[in-house]
Q: 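I'd like to ask you about the structure that follows.
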Amino acid sequence: MTISERDATDKVRDFLNAWRLRDWAAMARTIQLTPASHHGGRLADYLRTWFSPRMLVSYSIEDTVIFSDCMMEIRVLIKYLHPGTPGRRVELRVNTICELAPYTPAGGEVPGGVWGVNPASALREYVVT
């Protein structure tokens, strides 16, 4: 695992731990710069709206797909509870982006940057067979 891969995976782990603990402010600190810039001080409220219906019980990081110097997909198996349904087990493919500033990807000839989770990517579920 490379340093960048570890940084991206750690960011997803922090995101998932915050979700499991329902700590929306901590979750907001894991989000990539571009979507975070759209919501300002209300990002934690948006995350609560999007993620609170699913109570995360457990997760395991399964794989990393490297698309470029500044984008990785972290594949995660999660188990969650949803009101009125038994526990559900699905795969998430969480995109992580490394940015220097909102709308400014890092990587390649532009070193540095901050890894962050794209929250919309963590909403789509893939069936586990």
Q: Out of curiosity, T9 OG1 to W115 CH2, how far, rounded to the nearest 0.5 Å?
A: 9.0 Å

Q: Closer than 4.0 angstrom, basic N to acidic O: yes or no for R13 and D10?
A: yes

Q: By salt bridge (Lys or Arg N to Asp or Glu O under 4.0 Å), which residues pair with R89, not counting sequence neighbours?
A: none

Q: Under the rule for side-chain hydrogen bond (donor to acceptor under 3.5 Å, both in side chains), what residues qualify as partners of S60, not counting sequence neighbours?
A: E62

Q: Decide yes or no for F51 and M27: does some side-chain heavy atom of the first lie under 4.5 Å from some side-chain heavy atom of the second?
A: yes

Q: Hey, any chance I31 and L33 share a hydrophobic cluster, counting ILVMFWY side chains that come within less than 4.5 Å of each other, even indirectly?
A: no

Q: How would you list all residue pairs meeting side-chain hydrogen bond (donor to acceptor under 3.5 Å, both in side chains) that involve residues 19-31, not counting sequence neighbours?
A: N17-R20

Q: I'd like to check the salt bridge (Lys or Arg N to Asp or Glu O under 4.0 Å) partners of D45; sequence neighbours left out, ordered by chain and number.
A: R42, R48

Q: Output the distance between atom CD (E5) and atom CD1 (I66), rounded to the nearest 0.5 Å.
A: 4.5 Å

Q: Other than I97, which residues form its hydrophobic cluster under the rule that side-chain heavy atoms must be closer than 4.5 Å?
A: V65, F67, M71

Q: Report the hydrophobic cluster partners of Y103, with the cluster defined as I, L, V, M, F, W, Y residues connected by side-chain heavy atoms closer than 4.5 angstrom, directly or transitively.
A: none

Q: Would a single hydrophobic cluster contain both V94 and L77, if residues Ile, Leu, Val, Met, Phe, Trp and Tyr are joined by side-chain heavy-atom contacts under 4.5 Å?
A: no

Q: At their closest point, which heavy atom of G112 faces which heavy atom of C98, and how far apart are they?
A: O-SG, 3.5 Å

Q: Would you say L123 and L47 are hydrophobically clustered, going by side-chain heavy atoms of ILVMFWY under 4.5 Å?
A: yes

Q: Apart from V127 itself, which Ile, Leu, Val, Met, Phe, Trp or Tyr residues share its cluster (side-chain heavy atoms under 4.5 Å, direct or through members)?
A: none

Q: Return the set of residues passing salt bridge (Lys or Arg N to Asp or Glu O under 4.0 Å) with R93 (not counting sequence neighbours), or none when no residue passes.
A: E91

Q: Looking at CG of L21 and CG of L56, how far apart are the two atoms once the value is rounded to the nearest 0.5 Å?
A: 9.5 Å

Q: Is any side-chain heavy atom of P35 closer than 4.5 Å to a side-chain heavy atom of P119?
A: yes

Q: Does V12 reach the side chain of T96, with side-chain heavy atoms less than 4.5 Å apart?
A: yes

Q: Grab the two heavy atoms, one from C70 and one from P105, that are nearest each other, plus how far apart they are.
A: SG-CB, 3.8 Å

Q: Checking E99 now: which residues fulfil side-chain hydrogen bond (donor to acceptor under 3.5 Å, both in side chains) with it, not counting sequence neighbours?
A: Q32, T34

Q: If the condition is side-chain hydrogen bond (donor to acceptor under 3.5 Å, both in side chains), which residues does R88 pass it with, not counting sequence neighbours?
A: Y80, E125

Q: Applying ring-ring contact (aromatic ring centres under 6.0 Å, His included), name anything that partners H39, two or more places apart in sequence or on another chain.
A: Y46, W50

Q: What's in the same ILVMFWY side-chain cluster as L81, cut-off under 4.5 Å, chained through other members?
A: M55, V57

